[in-house]
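Quick notes on the structure that follows.
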Amino acid sequence: MASRIDVSIEHRNVPEGSGDGKPHPNSCPKCESHYREDELEANLRVCPHCGYHFPVRARDRIRQIADADSFEEEAADLRSEDPLDFFDVRPYPERLVEAELNTGLGDAMIIGRAAIEEHPCELAVMDFSFMGGSMGSVVGEKLVRAAEGAIERKVPLISVTASGGARMQEGILSLMQLPKTVCAVEDLRDARCGFISVMGHPTTAGVLASFASLGDFCVAEP
């Protein structure tokens with residue numbers, strides 16, 4: 001049983017956080033309890049007072065799930081292109097560079113082989129911090145490669161999603177990732193490899209309408 005965290009002292013309203021007019025990032029938006037970073041990490045970023053699930057970055061999620069030092073990242077060099085020369089307020093390539101600098105990720109999904117309680121598996125974990133976890137060509141390609149890796153090694157695929165949906169900057173190429181990822185899941189089924197879908201908050205739109213809903217087992221955060 002996980003140890004309980006005493007929040008009796010920390011449980012209070014924190015209206016202004018660091019004094020810059022913004023709430024403290026570790027203040028629970030549901031019950032307004034306030035935590036130190038180490039307290040949240042010890043409780044897997046779930047508020048022990050009310051059960052609210054704080055956002056979890058992809059690499060942190062992998063550390064929570066996988067056995068220590070078992071994760072080996074794959075396809076880390078994949079990067080999105082700009083096939084439409086998309087420009088809104090700023091060019092799409094500029095937004096991609098900014099997202100990579102802010103998150104340390106090449107795109108909104110990390111894939112790789114891992115083990116959970118010494119059982120080998122393949123992981124595909126999304127990060128909402130990278131452009132809202134939107135699914136473009138790279139996310140779709142990584143999910144397909146993760147499925148192919150699972151099939152090749154005869155292990156289950158576990159995906160953890162956190163996404164606002166398709167990436168509008170890639171237009172129809174982004175929407176094409178929906179059938180592409182659905183076909184990858186069908187290949188998993190044909191190979192009799194299990195698929196577990198963990199839907200983090202939020203999982204919406206194109207990702208929810210494609211592979212995230214097709215797990216043999218689906219688990220959703222509140």
Practice item. With sequence neighbours excluded, give me every side chain to side chain donor-acceptor pair (under 3.5 Å) pair touching residues 151-161. Key: E122-R153, T161-T203
Revision key, fill the gap. Residues at least two apart in sequence or cross-chain that pass side chain to side chain donor-acceptor pair (under 3.5 Å) with D88, listed by chain then number, are R95
Exercise for review: Keeping to residues at least two apart or across chains, list the side chain to side chain donor-acceptor pair (under 3.5 Å) pairs with something in residues 209-220.
Suggested key: R189-D216
Check your understanding: What residues form a side chain to side chain donor-acceptor pair (under 3.5 Å) with D82, not counting sequence neighbours?
Key -> none
Practice item. Can you tell me which residue pairs pass the salt bridge (Lys or Arg N to Asp or Glu O under 4.0 Å) test with a partner in residues 106-116, sequence neighbours excluded? Key: E74-R113, D107-R167
Review point. What residues form a side chain to side chain donor-acceptor pair (under 3.5 Å) with E72, not counting sequence neighbours?
Key: none
Point to revise | Sequence-distant partners of F54, ring pair (Phe, Tyr, Trp, His ring centres under 6.0 Å), two or more places apart | key: Y52
Exercise for review: Just jot down the salt bridge (charged side-chain N to carboxylate O under 4.0 Å, His left out) partners of D187, sequence neighbours excluded, or say none.
Suggested key: none
Review point. Excluding sequence neighbours, so at least two apart, what forms salt bridge (charged side-chain N to carboxylate O under 4.0 Å, His left out) with R192?
Key: none
Point to revise | Partner set under salt bridge (charged side-chain N to carboxylate O under 4.0 Å, His left out) for R45, not counting sequence neighbours | key: E37, E41
Check your understanding: With E98, which residues qualify under side chain to side chain donor-acceptor pair (under 3.5 Å), at least two apart?
Key -> R90
Check your understanding: With sequence neighbours left out, what residues match E118 under salt bridge (charged side-chain N to carboxylate O under 4.0 Å, His left out)?
Key -> none
